[in-house]
Amino acid sequence: MSLLAVSALTASYGVSQALFGVDLELDEGEVLAVMGRNGMGKTTTVKAICRMIRSQGRLQFDGHDLHALPSFRVARLGIGLVPEGRRCFGNLTVAENLIATARPGPWDMRRVAYLFPRLDERRNQRAASLSGGEQQMLAIGRALMTNPRLLILDEATEGLAPIIRQEIRAAIARLKSETAMAILVIDKSLTDLRRVADRAVILERGKTVWSGRMSALTRQISQRFVGV
Ligand code: ATP
């Protein structure tokens, strides 16, 4: 049984339908890339999984029907979201931001500091004073502090300097090799995704149009559906 099983997922913003049948599965310890051009439904899929918008279809995590749960219960079940646009509490320090989401488990301040030494150096600084890249690390750290079984990264390296992208990529690679965490990753860089993801699904107009192992994603397929 897959850790996350999504099928025939549909969702709308008011009268405007955004998802028309998303199918994806994710196992423990696996990294899945959710790909597609702008506006194809990647973020909406993530919002549906986290119960931030209403949806229909099959949405199961570890055997639980997520449709029966409010979003805070989904987080407690073990889904940690790093949302697009990295939301942290600007007035709180780095340490306070991390403590705010802490739940029991192997991930604590020490382990996050080990993964992102920059955060440790800035632990008493207000989050608002961090650079964009550091705020992104903090957003990932906050999600890890919830001790998720599934970590969702929505455009985690968007708009960041190459050196910071590299640091975040390396951290994701370490999560993959050192933990059994499942990771769902959305990123514009196909090169980055090829390095880290085991499998991919491609969305077009709110529907899964391709899924398979990353190694089976040919240039023709990516050019047709993702444009690169
Ligand atoms: P991007 O790569 O640009 O983030 P995406 O693949 O994540 O794109 P979504 O943000 O999920 O795409 O958008 C899917 C569709 O839903 C698009 O047509 C978009 O315009 C629409 N949409 C997204 N958010 C809203 C909203 N808050 N209200 C109305 N429509 C929305």
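Atoms within each ligand, like the ligands themselves, are counted from 1 in listed order.
Between Ile152 and the choices Leu4, Ile49, Val82, the side chain to side chain contact (heavy atoms under 4.5 Å, CB included) rule is met once, by Ile49.
Each of Tyr13, Ala18, Arg37, Asn38, Gly39, Met40, Gly41, Lys42, Thr43, Thr44, Glu84, Glu155, Lys188 has a non-hydrogen atom positioned under 4.0 Å from some atom of ligand 1.
Judged by distance alone, the side chains of Ser2 and Glu25 do bring a donor and an acceptor atom under 3.5 Å apart.
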Original post:
Would Arg142 and Asn97 satisfy side-chain hydrogen bond (donor to acceptor under 3.5 Å, both in side chains), going step by step from the backbone distance to the final call?
Top reply: CA-CA 7 Å; Arg142 279 167 54 86; Asn97 262 284; 3.2 Å; yes
**OP:** Take Asp154 and Thr43 through the side-chain hydrogen bond (donor to acceptor under 3.5 Å, both in side chains) test and state the conclusion after the steps.
**Re:** CA-CA 7 Å; Asp154 190 355; Thr43 297; 2.9 Å; yes
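Judged by the 6.0 Å and 45° rule, Arg51 forms no cation-pi pair with Phe72.
When side chains are defined from C-beta on, Arg58 does not count as touching Leu9, because their heavy atoms never get closer than 4.5 Å.
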